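If you're wondering where the values come from, they're calculated on a predicted model, not measured in any experiment.
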Amino acid sequence: MASPDVTVMGAGIFGLSIAWACVKAGATVQVIDPHGPGAGASGGVVGALAPHVPENWNDKKAFQLESLLMAEAFWGDVAAASGISPGYGRLGRLQPVADERGLELARARVETAQDLWGDAAVWEVIAPPDDSWAPYSPTGYVIRDTLSARMHPRRASQSLAAALQARGAWLVKEGTPAGKVVHATGVAGLEELSRETGRAVGNGVKGQGALLHFAAPHAPQLFADGIHVVPHEDGTTAIGSTSEREYDDPVSTDEKLDEVIERAMRAVPVLHGARVVERWAGLRPRAKSRAPMLGEHPLKPGDFIANGGFKIGFGMAPKVAEVMAALILEGRDEIPEGFRPQASL
């Protein structure tokens, strides 16, 4: 095995995406992860790629918008190289409007979405579609946006891993880092930073989700009563998730997921009685700044870090991969200030 140009430590969504961008740029890449691709939060089930509210614009929201608009081409290339569908589909989202104050805010955001999103996507307030999929809305209105998309996280991780191997990258469970080294090690990496700096740099937040045996592969995702309802192309529908800062077992499911399932079925009555085919739990890496942590590694001179995807890692991944590959391979730094490690240190 020749020495790689780039070694990526960690085969979650950030690590695999950065490896893919580097391979496409002509670099030889190895990915090292003792647990294999998508073993942590990137092997989850929900996969809601949803935008931030179009107001109070900042670097994080602008970065996410660019990434969501890059997603179709990004995942199309991955699927073509791997022969495995990542389950991507930009089918939009519906959100019920709970009260008059919410309706006022939603209508005000129609104009700000036009200003901020331009012709790329639409945010509108409409009467619910006349079909069983529409969620119950107390006001008789729903927010519809055309920017939201869905994917199946586990299948997307498998697709990326297969695409990398098809292009000659090495995915191994152990090995010696060589070349430029990127640390995309999720919760373990944040915990290491916290220990080494003596500061709370970031942590794992437990999420629980479920897959239902309910087919609606061409329907938009829903966000109702704080629950994401995401129909996948494989005939399942995902619901989730919890956000737990305190937990005993990071990978067990419990009554908190039972409550999420019950709330989803109340909000979307057509789901009532659907069989639960999988219950899932895992830890999502959350940096202190709540933005992805990208750039030069603060404790490992000459190395790089990509961490803290939290709930929006898959939505951010195409743009994260682009800017990190530019930094690693070309020395071109296009990382927003709020994403640098110092923002969490």
Side-chain angles (χ1 to χ4, degrees), residues 8-20 31-50 64 67 71 75 86-88 149-161 171 173 182-194 201-211 221 227-228 230 232 236 238-254 256-257 260 278-294 305-318 320-321 324 344:
V8 179
M9 306 297 293
I13 182 57
F14 277 6
L16 292 172
S17 297
I18 292 166
W20 176 244
V31 180
I32 303 174
D33 192 313
H35 307 292
S42 298
V45 297
V46 179
L49 308 186
Q64 189 205 36
S67 192
W75 290 109
Y88 177 82
R150 63 100 201 274
M151 66 187 337
H152 195 298
R154 188 174 306 153
R155 292 179 181 227
S157 297
Q158 293 168 349
S159 184
L160 263 172
L171 276 68
K173 292 191 173 182
V182 188
H183 300 266
T185 49
V187 174
L190 293 179
E191 290 176 343
E192 179 189 24
L193 278 173
S194 295
V201 176
N203 59 284
V205 178
K206 181 177 178 179
Q208 299 186 49
L211 278 180
Q221 64 179 275
I227 305 297
H228 292 280
V230 183
H232 288 306
T236 62
I239 55 176
S241 60
T242 63
S243 287
E244 304 167 45
R245 297 289 294 273
E246 298 181 1
Y247 47 84
D248 294 322
D249 184 346
V251 295
S252 67
T253 63
D254 54 32
K256 294 183 178 68
L257 180 55
V260 167
E278 182 177 350
R279 296 164 64 93
W280 179 90
L283 294 184
R284 297 162 297 185
R286 177 187 179 275
K288 182 180 178 181
S289 69
R290 298 183 66 89
M293 185 186 295
L294 309 175
I305 189 169
N307 207 327
F310 193 31
K311 297 180 181 180
I312 56 174
F314 276 87
M316 290 285 207
V320 166
M324 287 300 295
S344 290

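Side-chain atoms of T236 never come within 3.5 Å of backbone atoms of H232 as a donor-acceptor pair (strictly under, hydrogens ignored). No donor-acceptor pair closer than 3.5 Å links the side chain of S159 to the backbone N or O of R155. The backbone N or O of G10 sits nowhere less than 3.5 Å from a side-chain atom of H183 that would complete a donor-acceptor pair. Of the possible polar contacts, one joining the S42 side chain to the I13 backbone as a donor-acceptor pair under 3.5 Å is found. In this structure a side-chain-to-backbone donor-acceptor pair under 3.5 Å is present from N307 to G186.
The two atoms that bring F14 and G313 nearest to each other are CE1-O, 3.4 Å, heavy atoms only. When all heavy atoms are compared, the tightest approach of A50 to Q221 is CB-OE1, 4.3 Å. Of all heavy-atom pairs between T253 and A281, the closest is CG2-CB, 3.9 Å. Counting all heavy atoms, side chain and backbone alike, A238 lies closest to V46 at CB-CA, 3.7 Å. What you find for A48 and V230 is that their closest heavy atoms are CB-CG2, 3.8 Å. The two residues W75 and P86 make their nearest non-hydrogen contact at CE3-CB, 3.7 Å.
Atom CG of D33 is separated from atom CG of L16 by 8.5 Å, given to the nearest 0.5 angstrom. From I32, atom CD1 reaches atom OG1 of T185 across 12.0 Å, with rounding to the nearest 0.5 Å. Once rounded to the nearest 0.5 Å, the distance linking CG of L160 with CD1 of I18 reads 11.0 Å.
The side chain to side chain contact (heavy atoms under 4.5 Å, CB included) test applied to E244 returns K206, Q208, T242, Y247, K256, not counting sequence neighbours. With sequence neighbours left out, V187 forms a side chain to side chain contact (heavy atoms under 4.5 Å, CB included) with E191, L283, P285. Applying the side chain to side chain donor-acceptor pair (under 3.5 Å) test to R290 and every residue at least two apart in sequence or in another chain returns nothing. R154 is linked by a salt bridge (charged side-chain N to carboxylate O under 4.0 Å, His left out) to E278, counting only residues two or more places apart in sequence or in another chain. Annotation: side chain to side chain donor-acceptor pair (under 3.5 Å) contacts of S241 (sequence neighbours excluded): R284. A search for side chain to side chain contact (heavy atoms under 4.5 Å, CB included) contacts involving S344 returns V201, A287, K288, S289, M293, not counting sequence neighbours.
Using a 4.5 Å heavy-atom cutoff, the side chains of F314 and S157 are in contact. Here the side chains of L171 and P37 are in contact, with some heavy-atom distance below 4.5 Å. With a 4.5 Å cut-off on side-chain heavy atoms, L211 and H152 count as touching.
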**Request:** For the pair S243 and K311, evaluate side chain to side chain contact (heavy atoms under 4.5 Å, CB included) and give the outcome as yes or no after the intermediate values.
**Result:** CA-CA 9 Å; S243 287; K311 297 180 181 180; 2.8 Å; yes

**Request:** Could you give me the CA-CA distance, side-chain angles and deciding distance for L49 and Y88, then say whether side chain to side chain contact (heavy atoms under 4.5 Å, CB included) is met?
**Result:** CA-CA 9 Å; L49 308 186; Y88 177 82; 4.0 Å; yes

**Item:** Trace of the side chain to side chain contact (heavy atoms under 4.5 Å, CB included) decision for S67 with V320
**Value:** CA-CA 8 Å; S67 192; V320 166; over 6 Å; no

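Counting heavy atoms of neighbouring residues, nucleotides and ligands inside a 6.0 Å radius, atom CG of D249 exceeds 12 of them.
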